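What follows is a short report on a single structure.
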Amino acid sequence: MAKGIWVFAEQREGQIKKVTYELLSEGRKIADQLGEELCAVLLGKGVAGLASSLGEYGADKVYVAESDALENYTTDGYTNVVADLVKQYEPGALLLGCTVTGRDLAAQVAQRLETGLMTDCTGMAIEDGQLVFTRPIYAGKAMVKAACPEARPVMATIRPNTFAAVPNAREAEIITVTPNTGDIRQVIKDIVRQISERPELTEADIIVSGGRGMKGPENFKLLEELADVLGAAVGASRAAVDAGWIPHTYQVGQTGKTVSPVLYIACGISGAIQHLAGMSSSKCIVAINKDEEANIFKVADYGIVGDLFEVVPLLTEELKKMLA
């Protein structure tokens, strides 16, 4: 009988992604309600030392699979190992972060296991003994509850920053497994990294984004200055990216990255539905736009009708004083 809540512990270069701790924290609550174990699955090379940190956020067990072939993520290698572990131990649920890696791996594992998959979820709860997920549809215009009543394990990808990462320390049992990575068709020839002192966009607690109203690439310096004061990431709308003002890696929206920060500051962004689809689950949205009819104000918690080229520098200076 399928039992247990599993979390895929995503790591990159020996660092556990924050969304993993968020899933463990919320998964701990679900596991306690069901009276089941919470387990983490950690894959990589030389990652065994990270296992104890997963116990600090509630994991009862950590399955560690190490191999040279798992040093970098590949669709085939990780799918083969995770799917084999699930078949062997038969957990009731498998949760992954809604990241580039998590989305790719979840789809492949679900297909391999012939089970259901809920994607881009922003909530989960036990209802009538069933694990039920909440997810946005129609570009965030509506929310739907979804469940997988029969096939096991139940699988879901959860947006980063949906849940708080709350320590719940326990001594996790570390189980070392010998992985069978199988045939890996993907060949990694080179890894290109963007180096920045700012937090990664999908994991940032605060994001400052700019749109068409920025009028040019040189004006993104205003947002960068504000972001640095707040310790925030910088984002952009598709309009700014399509104009060539800022790289696609900064794009927030339906065809960019989905984010759920604690604070999202939208500067010169009209609020097209495609952009809202990527950030509408932010805890607090502040909009700065000179057009009082801009659609962004419909979803904003706080709005400033004004010229961003006047408002943003003033906001930056005031925050410098407050945070000094």
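None of the values given here were measured: they were computed from a predicted structure.
Taking all atoms of both residues into account, the shortest heavy-atom contact from Met143 to Thr122 is CE-OG1, 3.3 Å. Gly213 and Leu308 make their closest contact through O-CD2, 3.6 Å (heavy atoms, listed as atom of the first residue, atom of the second, distance). Listed here is the closest heavy atom pair of Val62 and Leu54: CG1-CD1, 3.7 Å. Across all non-hydrogen atoms, the minimal contact from Leu223 to Met214 is CG-CE, 3.7 Å. When all heavy atoms of Leu96 and Leu23 are compared, the pair lying nearest together is C-CD1, 3.5 Å. Of all heavy-atom pairs between Ile285 and Ser282, the closest is CG1-CB, 3.8 Å.
Connection of Leu85 to Leu24 is not established within any shared hydrophobic cluster, with ILVMFWY side chains joined at heavy-atom distances below 4.5 Å, either directly or through further cluster members. Cluster annotation: Tyr302 is connected to Leu226 through the hydrophobic network of ILVMFWY side chains, with a link wherever side-chain heavy atoms come within less than 4.5 Å. Note: the hydrophobic cluster containing Ile30 also contains Val19 (ILVMFWY, side chain heavy atoms under 4.5 Å, direct or indirect links). Hydrophobic cluster membership is shared by Leu38 and Leu34, with clusters built from Ile, Leu, Val, Met, Phe, Trp and Tyr side chains linked at under 4.5 angstrom. No single ILVMFWY cluster, assembled from side-chain heavy atoms under 4.5 Å apart, contains both Leu131 and Met155.
Annotation: side chain of Tyr21 is not in contact with side chain of Pro167 (no heavy-atom distance under 4.5 Å). A heavy-atom distance below 4.5 Å is found between the side chains of Val82 and Leu94. Arg198 places a side-chain heavy atom less than 4.5 Å from the side chain of Val234. With a 4.5 Å cut-off on side-chain heavy atoms, Trp6 and Leu95 do not count as touching. Looking only at side-chain heavy atoms (C-beta outward), Phe163 and Ser25 stay at 4.5 Å or farther from each other. No side-chain heavy atom of Thr119 sits under 4.5 Å from any side-chain heavy atom of Cys98. Leu105 is listed as a side-chain neighbour of Tyr73, based on a closest heavy-atom distance under 4.5 Å. Looking at Asp205 and Pro261, their side chains never come closer than 4.5 Å, going by heavy atoms from C-beta outward.
Contact check on Glu224 versus Lys221 returns no salt bridge, with no Lys/Arg side-chain nitrogen under 4.0 Å from an Asp/Glu carboxylate oxygen. Using a 4.0 Å cut-off between charged side-chain N and carboxylate O, Lys257 and Glu200 make a salt bridge. Taking 4.0 Å as the cut-off between side-chain N and carboxylate O, Lys45 and Asp68 count as a salt-bridged pair. Arg170 and Glu56 are not joined by a salt bridge, as no carboxylate oxygen comes within less than 4.0 angstrom of a charged side-chain nitrogen. At a threshold of 4.0 Å, the pair Lys3-Glu90 does not count as salt-bridged, since none of the basic side-chain nitrogens sits closer than that to a carboxylate oxygen. For Arg28 and Asp60, the salt-bridge test passes: some basic side-chain N is under 4.0 Å from an acidic carboxylate O. Taking 4.0 Å as the cut-off between side-chain N and carboxylate O, Asp76 and Arg185 count as a salt-bridged pair.
Within 6.0 Å of the CD atom in Gln15, the count of heavy atoms belonging to other residues, nucleotides or ligands does not exceed 12. Other residues, nucleotides and ligands place no more than 12 heavy atoms under 6.0 Å from the CD atom of Glu114. For Arg103, the CZ atom counts as densely surrounded, since its 6.0 Å shell holds more than 12 non-hydrogen atoms of other residues, nucleotides or ligands. Few gaps surround CD on Glu218; more than 12 heavy atoms of other groups in view lie less than 6.0 Å from it. The number of heavy-atom neighbours closer than 6.0 Å to NZ of Lys283, taken from other residues, nucleotides and ligands shown, is above 12.
For the residue pair Ser281 and Ser260, a side-chain donor N or O sits within less than 3.5 Å of a side-chain acceptor on the partner. Remark: the Lys18 side chain and the Asn161 side chain contain an N/O donor-acceptor pair separated by less than 3.5 Å. Between the side chains of Asp104 and Thr75, at least one donor N or O sits under 3.5 Å from an acceptor N or O. Of the N and O atoms on the side chains of Ser237 and Gln251, not one donor lies less than 3.5 Å from an acceptor on the other residue.
Rounding to the nearest 0.5 angstrom, the gap separating the CG atom in Leu230 from the CD atom in Glu225 is 12.0 Å.
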**OP:** Take Arg212 and Ser270 through the side chain to side chain donor-acceptor pair (under 3.5 Å) test and state the conclusion after the steps.
**Re:** CA-CA 8 Å; Arg212 194 188 305 275; Ser270 63; over 6 Å; no
**OP:** Report the C-alpha separation of Cys267 and Ile288 in whole Å, then their side-chain angles, then the decisive distance to 0.1 Å, and conclude whether the side-chain contact (heavy atoms from CB on, under 4.5 Å) test is met.
**Re:** CA-CA 5 Å; Cys267 305; Ile288 303 171; 4.1 Å; yes
Subject >> Derivation and outcome, side chain to side chain donor-acceptor pair (under 3.5 Å), residues Thr101 and Tyr78 >> reply: CA-CA 10 Å; Thr101 295; Tyr78 274 56; over 6 Å; no
**OP:** Just do the side-chain contact (heavy atoms from CB on, under 4.5 Å) check on Val252 and Tyr264 with the steps written out, would you?
**Re:** CA-CA 11 Å; Val252 174; Tyr264 189 88; 3.9 Å; yes
**OP:** Take Thr255 and Gln274 through the side-chain contact (heavy atoms from CB on, under 4.5 Å) test and state the conclusion after the steps.
**Re:** CA-CA 8 Å; Thr255 54; Gln274 291 85 356; 5.9 Å; no
Original post:
Going through the checks in order, is the side-chain contact (heavy atoms from CB on, under 4.5 Å) test met by Val64 and Leu50?
Top reply: CA-CA 9 Å; Val64 180; Leu50 303 175; over 6 Å; no
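Between Tyr250 and Phe220, the gap from one ring centroid to the other reaches at least 6.0 Å.
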